[in-house]
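Below: the structure, in structure tokens.
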Amino acid sequence: MMEQHNLPHSGQSGKVYSAKWQARFDFFDLHGAPNSPGFKTALKQLPFKQKVKFNVNIIAFFFGPIYLFVLGLWKRNIILILLMIVVFTALELAFAMMGIDYPRHLDAGVGFGFNALYGVSTNYGYYLKEKKGEQGWNPFKGMRW
């Protein structure tokens with residue numbers, strides 16, 4: 001009998017998913033959202049590489065605003081982009097009012113934080129869209145914080 005775990009799987013909508021996405025979807029189906037008690041326990045039992053696969057989306061970390069539009073998560077993406085604009089503008093204004101140059105290391109740190117936010121929220125957001133039919137505006141739905 002031929003093994004099919006490396007072949008793409010199709011979802012309820014008939015859309016075909018890669019083995020990586022299907023594994024993520026199966027993990028969320030089995031253990032719930034990242035903020036559910038069973039998720040964290042199940043995640044701890046996995047090898048490091050598997051933890052990263054289910055917990056962080058590397059493509060979203062590096063290309064978040066573009067990748068979320070590609071995945072069709074435009075509502076979440078608009079909110080995250082607006083949040084970035086607000087945070088960076090508030091920081092610029094605060095430092096300008098104090099008469100201090102905006103520190104570049106702070107810029108890099110805040111940017112890294114937003115990259116991390118894209119990285120950890122994309123997998124579950126895509127799961128909600130594709131498997132649960134939820135396309136909400138809340139980019140933090142189901143997250144641990």
Side-chain angles (χ1 to χ4, degrees), residues 1-96 102-145:
M1 197 182 290
M2 190 168 106
E3 275 190 54
Q4 294 193 8
H5 70 279
N6 287 331
L7 298 177
H9 300 279
S10 63
Q12 295 171 340
S13 64
K15 188 174 178 180
V16 177
Y17 301 103
S18 69
K20 183 182 273 188
W21 276 115
Q22 191 59 49
R24 289 171 177 157
F25 292 164
D26 292 344
F27 191 82
F28 292 130
D29 279 338
L30 196 57
H31 303 291
N35 66 356
S36 59
F39 182 89
K40 191 172 182 179
T41 305
L43 198 64
K44 284 182 180 180
Q45 297 172 358
L46 297 174
F48 179 76
K49 192 173 180 179
Q50 290 291 89
K51 285 180 190 178
V52 171
K53 179 167 80 171
F54 296 133
N55 215 23
V56 179
N57 189 303
I58 303 299
I59 298 171
F61 179 85
F62 288 107
F63 306 104
I66 296 167
Y67 191 55
L68 261 63
F69 282 132
V70 169
L71 292 177
L73 298 171
W74 61 273
K75 288 181 180 179
R76 288 172 166 256
N77 201 17
I78 288 171
I79 296 299
L80 287 171
I81 290 169
L82 290 174
L83 185 61
M84 279 191 282
I85 292 169
V86 168
V87 168
F88 281 108
T89 302
L91 286 172
E92 286 280 351
L93 288 174
F95 280 99
Y102 185 76
R104 292 297 132 210
H105 60 277
L106 178 62
D107 190 42
V110 174
F112 181 84
F114 277 106
N115 287 6
L117 193 55
Y118 270 99
V120 298
S121 66
T122 297
N123 290 345
Y124 189 66
Y126 191 57
Y127 166 78
L128 288 175
K129 177 186 170 275
E130 294 296 311
K131 294 298 182 176
K132 301 293 182 186
E134 296 178 26
Q135 173 71 314
W137 291 93
N138 182 1
F140 310 113
K141 183 173 183 180
M143 295 293 101
R144 283 191 285 259
W145 51 81

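No hydrogens, no waters, no symmetry mates; every other heavy atom, side chains included, goes into these values. Please read all numbers here as calculations on a predicted model, not as lab measurements.
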* Donor-acceptor under 3.5 Å (Glu134 side chain, Gly125 main chain) -> no

* List in chain and number order the residues that pass side chain to side chain donor-acceptor pair (under 3.5 Å) with Asn138, two or more places apart in sequence or in another chain; answer none if no residue qualifies. => none

* To do: Of all the heavy-atom pairs spanning Lys141 and Tyr124, show the shortest one and how long it is.
  => O-CD2, 3.4 Å

* Does the pair Asn55 and Asn123 meet the rule for a side-chain contact (heavy atoms from CB on, under 4.5 Å), with working shown? -> CA-CA 7 Å; Asn55 215 23; Asn123 290 345; over 6 Å; no

* Asked: Do you know which two heavy atoms are closest between Gln135 and Leu73, and how far apart they sit?
  -> OE1-CD2, 3.8 Å

* Structure fact -> CZ (Phe114) and CZ (Phe61) are apart, to the nearest 0.5 Å, by 13.0 Å

* **Euclidean distance, Trp74 CH2 relative to Ile79 CD1, rounded to 0.5 Å** => 10.0 Å

* **Check: Trp21 and Glu130 side chains under 4.5 Å, non-hydrogen atoms** => no

* Structure fact -> Closest non-hydrogen contact found for Ala42 with Phe27 is CB-CZ, 3.9 Å

* To do: Determine, step by step, whether Tyr127 and Asp29 satisfy the side-chain contact (heavy atoms from CB on, under 4.5 Å) criterion, reporting the C-alpha distance in whole Å, the side-chain angles of both residues, the deciding distance to 0.1 Å, and the verdict.
  => CA-CA 9 Å; Tyr127 166 78; Asp29 279 338; 2.5 Å; yes

* To do: Calculate, to the nearest 0.5 Å, the distance between atoms OH and CD1 belonging to Tyr118 and Ile66 respectively.
  => 10.0 Å

* side-chain contact (heavy atoms from CB on, under 4.5 Å) between Lys132 and Phe28, worked out -> CA-CA 11 Å; Lys132 301 293 182 186; Phe28 292 130; over 6 Å; no

* To do: On the 0 to 90° scale, with breaks at 30° and 60°, tag the Phe95-Tyr102 ring pair as parallel, tilted or perpendicular.
  => perpendicular

* Taking all non-hydrogen atoms of both residues, which atom of Gly136 and which atom of Lys75 are closest, and how far apart? -> O-CB, 3.5 Å

* Structure fact -> Separation between CG (Leu93) and CZ (Phe88), nearest 0.5 Å, reads 13.5 Å

* Atom pair CZ (Phe54) and CG (Leu46), whose distance is rounded to the nearest 0.5 Å -> 6.0 Å

* Asked: Measuring from Phe25:CZ to Leu128:CG, what's the distance to the nearest 0.5 Å?
  -> 9.5 Å

* To do: Given side chain to side chain donor-acceptor pair (under 3.5 Å), test Tyr126 with Asn57 step by step and report yes or no.
  => CA-CA 11 Å; Tyr126 191 57; Asn57 189 303; over 6 Å; no

* Structure fact -> Looking only at heavy atoms, the pair that brings Arg76 and Leu68 closest together is CB-CD2, 4.3 Å

* Has Phe63 got more than 12 heavy atoms of other residues, nucleotides or ligands less than 6.0 Å from its CZ? -> no

* To do: Evaluate side chain to side chain donor-acceptor pair (under 3.5 Å) for Tyr67 paired with Asn77, printing each intermediate quantity in order.
  => CA-CA 9 Å; Tyr67 191 55; Asn77 201 17; over 6 Å; no

* Which pair of non-hydrogen atoms, one from Lys53 and one from Arg24, has the smallest distance, and what is that distance? -> O-NE, 2.8 Å

* To do: Report yes or no: does Ser36 contribute a side-chain atom to a donor-acceptor pair with the main-chain N or O of Ala33 at less than 3.5 Å?
  => yes

* When you look at Ile58 and Val52, which way does the side-chain contact (heavy atoms from CB on, under 4.5 Å) test go after all the steps? -> CA-CA 9 Å; Ile58 303 299; Val52 171; 4.3 Å; yes

* Asked: Around Phe69, counting heavy atoms of other residues, nucleotides and ligands shown, do more than 12 lie under 6.0 Å from its CZ?
  -> yes

* To do: Count the heavy atoms belonging to other residues, nucleotides or ligands that lie under 6.0 Å from NZ of Lys20, then report whether that count exceeds 12.
  => no

